[in-house]
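Just so we're clear, the structure is a prediction, and the values are computed from it rather than from any experiment.
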Amino acid sequence: MREEDSNRIVITGVGLASPNGSDLSEFRASLLSGKSGVERYEVRYFGETLAGVCHCNVSKWQSRRDQRRGTRAGSLAVFCAAEALEDSRYQFDACDKDRVGVYIGVTEHGNVETENEIYQIKQFDYDCAYWSHFHNPRTVANNPAGEVTLRFGITGPHYTLGAACAAGNAGLIQGAQQLRLGEVDLALVGGVSESIHTFGIFAAFNAQGALARHEDPAKASRPFDKDRNGIVVSEGGCVYTLERLSDAKKRGAKIYGELLGYGMNSDATDFVLPNAQRQAQCMRKALKMANLAPEEIDIVNTHATATHMGDSLEIAALREVFADSKRTYVNNTKSFIGHAMGAAGALELAGNLPSFNDGYVHPTINVDNLDPDCEIANLVLNEPKELPNVRCILNNSFGMVGINAVTIVGKYTE
């Protein structure tokens, strides 16, 4: 086995829960056929709104008792981790659980449980004697990753990464780093979001004037469209099994792609407003690590959430980095599913991974009137683009308080 294979990190399993698919094949089919996962949704106190709702069967991998004791984010993490392990065909029962790490990203955690418990004690005139004794383990920051370790008896390191909407990519990056350091032999990585179960996030985006509205739920998430009017909040999750290439080859694993490079940085300029220069810098960091020129990237999956400033600033960053590339195609996955917050980076990467094999770039849907501020060469709109030789995908994720994370995944070759 070549020594350099131990430094190459590959994806060998994918488990996901999205609003328009509960496994990778269903998710991909929805993206290629233009099927949205956004629907009408009722939120306590806030009322009717629109959201991306997952319909995966979490009871497939978690008992009702554990669901009641735990969290929605934990249930999604367990579901996605189990599906990824099954997909990887890793001999998990026979492996050393001390050498398995779990690194799950989230935007926020604990709001859902706290809101629910306050609602419950309201029925008892706020008597704290009725406060749930499960509150603390439900709301500690490591909960979603911790629930995965409890379900599968994993005794290696676990933690949840609070990286706002860059969290899914941050999970991938953390897992790759731990594998390269030799701390673990298998990393379960990605991100989850339970955001639709808290009224606070809808109320806050609404107060900002950043919550999407449309008479047709399927058309509500409209990145790059001149008439876009905000974010569709979604739940979701995606977990990957990451391994060193040397280990994956030894067991004859199926390989979805190789993590070629990544970058993380901070804007340090505003709580909410993105910084195009720092986004461009983050993309360049990832390209430098991957030893790739911009024109060697075939697909850029944008972070764009359908806010006016956010979309136009990201396109400005892309123009700066990819201005001279004639062969880089640009798409967006949130137009199908809304913004899955902490899961977004990992989930959107998964939606693009099949391009290596099926030779298509899925489009951005719901663009009826392209905003001139969002024009860029090779923006794939409304219909898939055939691209038979996809070799490299760059995946953007940018979050509040100015956190940026970019990953580059390549088609695996010897």
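The pair Arg251-Glu243 meets the salt-bridge criterion, with a side-chain N (NZ, NE, NH1 or NH2) lying under 4.0 Å from an Asp/Glu carboxylate O. Salt-bridge formation is detected for the pair Asp311/Arg228: a Lys NZ or Arg NE/NH1/NH2 atom is positioned less than 4.0 Å from an Asp or Glu carboxylate oxygen. Ionic pairing of Asp368 and Lys219 is not present here: no N-O contact between side-chain nitrogen and carboxylate oxygen is shorter than 4.0 angstrom. Of the charged side-chain nitrogens involved, none lies within less than 4.0 Å of a carboxylate oxygen, so that Asp5 and Arg244 do not count as a salt-bridged pair. A salt bridge links Lys334 with Glu348: the distance from a Lys NZ or Arg NE/NH1/NH2 to an Asp or Glu carboxylate oxygen falls below 4.0 Å. We find that Asp96 and Arg99 are not joined by a salt bridge, their nearest charged nitrogen and carboxylate oxygen being 4.0 Å or further apart. Classification of Glu83 and Lys60 as a salt-bridged pair holds, one side-chain N sitting under 4.0 Å from a carboxylate O. Classification of Glu258 and Arg8 as a salt-bridged pair holds, one side-chain N sitting under 4.0 Å from a carboxylate O.
Checked by atom type and distance alone, the side chain of Ser193 pairs as donor or acceptor with a backbone atom of Ser195 at under 3.5 Å. Using a distance-only test at 3.5 Å, with no hydrogens or angles considered, a donor-acceptor pair links the side chain of Thr107 to the main chain of Gly342. Formation of a donor-acceptor pair under 3.5 Å by the His362 side chain with backbone atoms of Pro384 is not found in this model. At least one donor-acceptor pair closer than 3.5 Å links the side chain of Asn366 to the backbone N or O of Ala218. The backbone N or O of Ser325 lies less than 3.5 Å from no partner atom in the side chain of Thr328, so there is not a single donor-acceptor pair. Without hydrogens or angle criteria, Arg151 side chain to Trp61 main chain gives a donor-acceptor distance under 3.5 Å. For the pair Asp270 (side chain) and Gly402 (backbone), a donor-acceptor distance under 3.5 Å is absent.
For the 3.5 Å distance criterion, the side chains of Gln62 and Glu147 qualify, holding a donor opposite an acceptor. Inspection of the Arg327 and Asn378 side chains reveals no N or O donor paired with an N or O acceptor under 3.5 Å. Defined by atom type and a distance below 3.5 Å, a donor-acceptor pair is missing between the side-chain atoms of His109 and Thr139. A donor atom on one side chain and an acceptor atom on the other are found under 3.5 Å apart for Gln174 and Tyr159. In this model, no donor atom of one side chain and acceptor atom of the other lie less than 3.5 Å apart for His135 and Glu113. Donor-acceptor pairing under 3.5 Å is recorded for the side chains of Ser59 and Gln67. Between Asn396 and Glu314, the side chains place a donor N or O and an acceptor N or O closer than 3.5 Å (distance only, hydrogens not considered). In this model, no donor atom of one side chain and acceptor atom of the other lie less than 3.5 Å apart for Tyr240 and Asp87. If you check the side chains of Asp23 and Ser25, you find a donor sitting under 3.5 Å from an acceptor. Remark: the Glu39 side chain and the His55 side chain contain an N/O donor-acceptor pair separated by less than 3.5 Å. There is no side-chain donor-acceptor pair under 3.5 Å between Thr160 and Asn142. Judged purely by distance below 3.5 Å, without hydrogens or angles, the side chains of Ser132 and Arg138 pair a donor atom with an acceptor atom. Looking only at atom types and distance, the side chain of Ser355 has a donor-acceptor partner in the side chain of Arg28 under 3.5 Å away. Between the side chains of Asn301 and Asn332, no donor-acceptor pair of N or O atoms lies under 3.5 Å. For the residue pair Asn331/Thr364, the side-chain donor-acceptor check at 3.5 Å is not satisfied. Looking at Arg278 and Gln281, their side chains do bring a donor and an acceptor atom within 3.5 Å of each other.
No more than 12 heavy atoms of other residues, nucleotides or ligands lie within 6.0 Å of CD in Glu383, so this atom counts as exposed by the packing criterion.
Here Cys282 contributes atom SG and Asn265 contributes atom CG; the two are 4.5 Å apart, rounded to the nearest 0.5 Å.
The closest side-chain heavy-atom distance from Pro363 to Leu381 is not below 4.5 Å.
Checked against Leu245 for a side chain to side chain contact (heavy atoms under 4.5 Å, CB included), the options Leu179, Val10, Thr12, Asn7 give a single hit: Val10. Among the candidates Gln279, Arg284, Gln277, the single residue satisfying the side chain to side chain donor-acceptor pair (under 3.5 Å) test with Glu320 is Arg284.
Relative to the ring axis of Phe92, Lys97 places its NZ or CZ within 45° and under 6.0 Å from the centre. Under a cutoff of 6.0 Å and an axis angle of 45°, Arg44 and Tyr119 form a cation-pi pair.
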Legend entry - Intermediate values then yes/no, side chain to side chain donor-acceptor pair (under 3.5 Å), Asn395 and Asn169: CA-CA 8 Å; Asn395 186 45; Asn169 269 350; 3.0 Å; yes
